[in-house]
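So the structure is just underneath, and the comments pick up after that.
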2 protein chains.
Amino acid sequence: MPKPGNGAPTLLRRLRPARNLTDRAAADIAAEIRGGRLPPGARLPTEQEMMATLGVSRTVVREAVSALRAEGLVVTRQGSGAFVAADATRVPFRIDPEAMGTIADALNVMELRLAIEVEAAALAAERATPAQVGAVMGAHAAMAAAIAREDTAVNEDFLFHRAIASATANAQFPQFLEFLGRHVIPRQRVRAAIANPKEQREYLARIQREHLRIGQAIKGRDPADARKAMRAHLLNSITRYRRLAERDGPA
Amino acid sequence: MPKPGNGAPTLLRRLRPARNLTDRAAADIAAEIRGGRLPPGARLPTEQEMMATLGVSRTVVREAVSALRAEGLVVTRQGSGAFVAADATRVPFRIDPEAMGTIADALNVMELRLAIEVEAAALAAERATPAQVGAVMGAHAAMAAAIAREDTAVNEDFLFHRAIASATANAQFPQFLEFLGRHVIPRQRVRAAIANPKEQREYLARIQREHLRIGQAIKGRDPADARKAMRAHLLNSITRYRRLAERDGPA
DNA sequence: TTCCTCCGGTCATCGTACAAGTTGCCCAAC
DNA sequence: GTTGGGCAACTTGTACGATGACCGGAGGAA
């Protein structure tokens with residue numbers, strides 16, 4: 001047994017995210033930057049120096065720097081050196097999935113989503129073209145159809161929300177909602193937790209009522225009502241999630 | 001003619017962001033993925049195949065893949081291959097600074113910020129600890145001091161907003177606001193555009209009045225009023241920016 | 001059938017070499 | 001002394017080859 005259990009199942013692999021030399025080197029350099037020891041505009045050590053400091057080959061150093069370049073943290077200039085990016089406008093917004101362990105983390109993301117969607121609903125009520133209003137109502141109908149065929153309707157649910165975000169005439173809203181949607185965890189799991197079919201039907205019917213109210217506010221060009229309806233809907237979602245989490249424990 | 005005019009001055013270099021072989025290779029592969037030709041979970045071509053297809057060395061291919069790995073788009077497994085990430089939870093949210101040319105783009109980001117901050121103000125009114133309320137009012141005082149010494153108070157302005165985001169008891173709000181703050185363009189430029197010192201003073205005084213109303217709503221634990229005050233403040237900002245942009249043309 | 005071993009393929013890391021670009025220094029010319 | 005050109009050293013960009021670590025399947029042994 002030359003190595004301590006590295007045949008671990010996928011689950012443990014996830015927790016220790018396969019840190020190879022490149023990742024570690026990139027993390028080390030990034031720490032120097034974020035820690036302020038390498039201020040914006042400062043020049044990084046040369047590849048040779050980093051090779052010596054980190055004890056790795058040039059390949060590893062270059063791949064690490066390449067990763068930081070993609071991240072927007074570093075810019076390189078041939079013949080001159082590598083520099084900490086002077087303006088951080090290229091550094092993206094991340095939500096680390098590893099740091100999303102607790103229920104509180106999930107609720108935090110849901111609150112962010114609420115903030116976005118409440119405003120999106122209002123903007124949609126103000127600006128949606130007739131076609132976009134049609135898309136919202138169509139998404140509502142599609143979800144009804146999914147429910148009718150005993151589906152969990154998870155995808156249709158999200159599509160309804162996305163239709164609203166798209167109706168804001170502001171591309172940032174659907175893009176950011178798409179991003180958050182990847183983190184607003186296990187809707188599947190939440191719904192799966194509702195074992196009782198009757199309970200499941202009532203749950204979906206309630207969502208549909210809430211959706212309908214939102215859609216009608218948008219169709220009726222009533223931003224204030226759209227805001228209120230969307231807020232109520234998402235607050236209910238948060239409450240439902242919190243209750244399920246308390247009942248079943250962290251998952 | 002081996003290379004078309006690449007002796008462009010630094011200014012032009014900025015516009016065409018220094019596309020070396022690695023960047024181009026990474027963009028090519030990323031396009032395959034985002035275009036759906038490489039669906040999630042699919043295996044990428046081997047390094048050898050990509051070398052042949054892209055006509056570059058292995059170094060370049062590896063650095064490109066390293067960049068995509070950092071981006072969360074690809075995961076590699078030694079001995080097995082490189083794969084399109086099955087779940088996109090690591091893919092971050094980006095606002096491409098290159099695509100932020102027009103006034104409309106800037107306004108879109110400001111609307112996103114409005115959505116976040118309106119909700120943040122309400123949450124702060126609900127949840128802020130006494131110390132956090134103190135921090136908000138302290139930020140307001142700091143801005144007053146900056147104005148008194150004829151400063152543009154750009155930083156103090158942002159610090160006030162950040163103090164509110166921090167008072168939400170939800171770390172996502174300050175983090176996301178920090179991110180957006182890097183894109184909410186040239187506040188410096190907007191303020192610099194106000195040449196007249198008297199006009200400048202009135203402008204800052206008005207902001208301070210708006211800030212004060214927000215701060216008092218938070219201190220008074222009135223979420224609805226905090227929402228209203230923050231919305232009014234940021235709508236004014238948007239209007240001011242739009243007016244300046246119309247007056248001075250796109251910058 | 002089940003288990004083990006082996007082997008080819010693949011990524012990970014290392015090392016070297018050269019090309020391309022930058023910077024500062026030296027030195028000649030004025 | 002100042003200025004300008006050009007050279008030299010240094011740094012990143014690209015290419016290539018070699019070896020190690022790891023995976024997955026083929027094939028053989030029990």
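In the text below, chain A, chain B and the rest are named by the order of the sequence lines, each starting its count at 1. Since we're looking at a predicted model, the values are computed, not measured.
The salt bridge (Lys or Arg N to Asp or Glu O under 4.0 Å) search around B:R58 returns B:E47, not counting sequence neighbours. For B:D96, the salt bridge (Lys or Arg N to Asp or Glu O under 4.0 Å) partners are A:R90, not counting sequence neighbours. Residues satisfying the side-chain contact (heavy atoms from CB on, under 4.5 Å) criterion with A:V109, sequence neighbours excluded, are A:I95, A:M100, A:L180, A:H183, A:V184, B:Q172.
A salt bridge links B:R149 with B:E156: the distance from a Lys NZ or Arg NE/NH1/NH2 to an Asp or Glu carboxylate oxygen falls below 4.0 Å.
B:N170 places a side-chain N or O within donor-acceptor distance of the main-chain N or O of A:N108, the cut-off being under 3.5 Å.
B:F83 places its CZ atom 11 Å from the P atom of C:dT10, with the value rounded to the nearest Å. Between the CG atom of B:N20 and the C1' atom of C:dA19 there is a distance of 14 Å, rounded to whole Å. Taking atom CG of residue A:L54 and atom C1' of nucleotide C:dC14, one finds them 15 Å apart after rounding to whole Å.
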Please tabulate, one pair per line, all N/O donor-acceptor pairs under 3.5 Å involving side-chain atoms of residues 158-165 of chain B, not counting sequence neighbours.
| unit_1 | atom_1 | unit_2 | atom_2 | d |
| --- | --- | --- | --- | --- |
| B:H161 | ND1 | B:E117 | OE1 | 2.8 |
| B:H161 | ND1 | B:E117 | OE2 | 3.3 |
| B:H161 | NE2 | B:D157 | OD1 | 3.4 |
| B:H161 | NE2 | B:H211 | NE2 | 3.3 |
| B:H161 | NE2 | B:H233 | NE2 | 3.3 |
| B:R162 | NH1 | B:E178 | OE1 | 2.9 |
| B:R162 | NH1 | B:E178 | OE2 | 3.4 |

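Between A:T22 and A:N20, the side chains place no donor N or O within less than 3.5 Å of an acceptor N or O (distance only, hydrogens not considered).
A:M143 places a side-chain heavy atom less than 4.5 Å from the side chain of A:I207.
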Check nucleotides 15-17 of chain C against the protein and report each pair of N or O atoms closer than 3.5 Å, with its distance, or say if there are none.
| unit_1 | atom_1 | unit_2 | atom_2 | d |
| --- | --- | --- | --- | --- |
| C:dA17 | N6 | A:R58 | NH1 | 3.1 |

Can you give me the N/O atom pairs linking the protein to nucleotides 9-11 of chain D at distances under 3.5 Å, or say none if there are none?
| unit_1 | atom_1 | unit_2 | atom_2 | d |
| --- | --- | --- | --- | --- |
| D:dT11 | O2 | A:G79 | N | 3.4 |

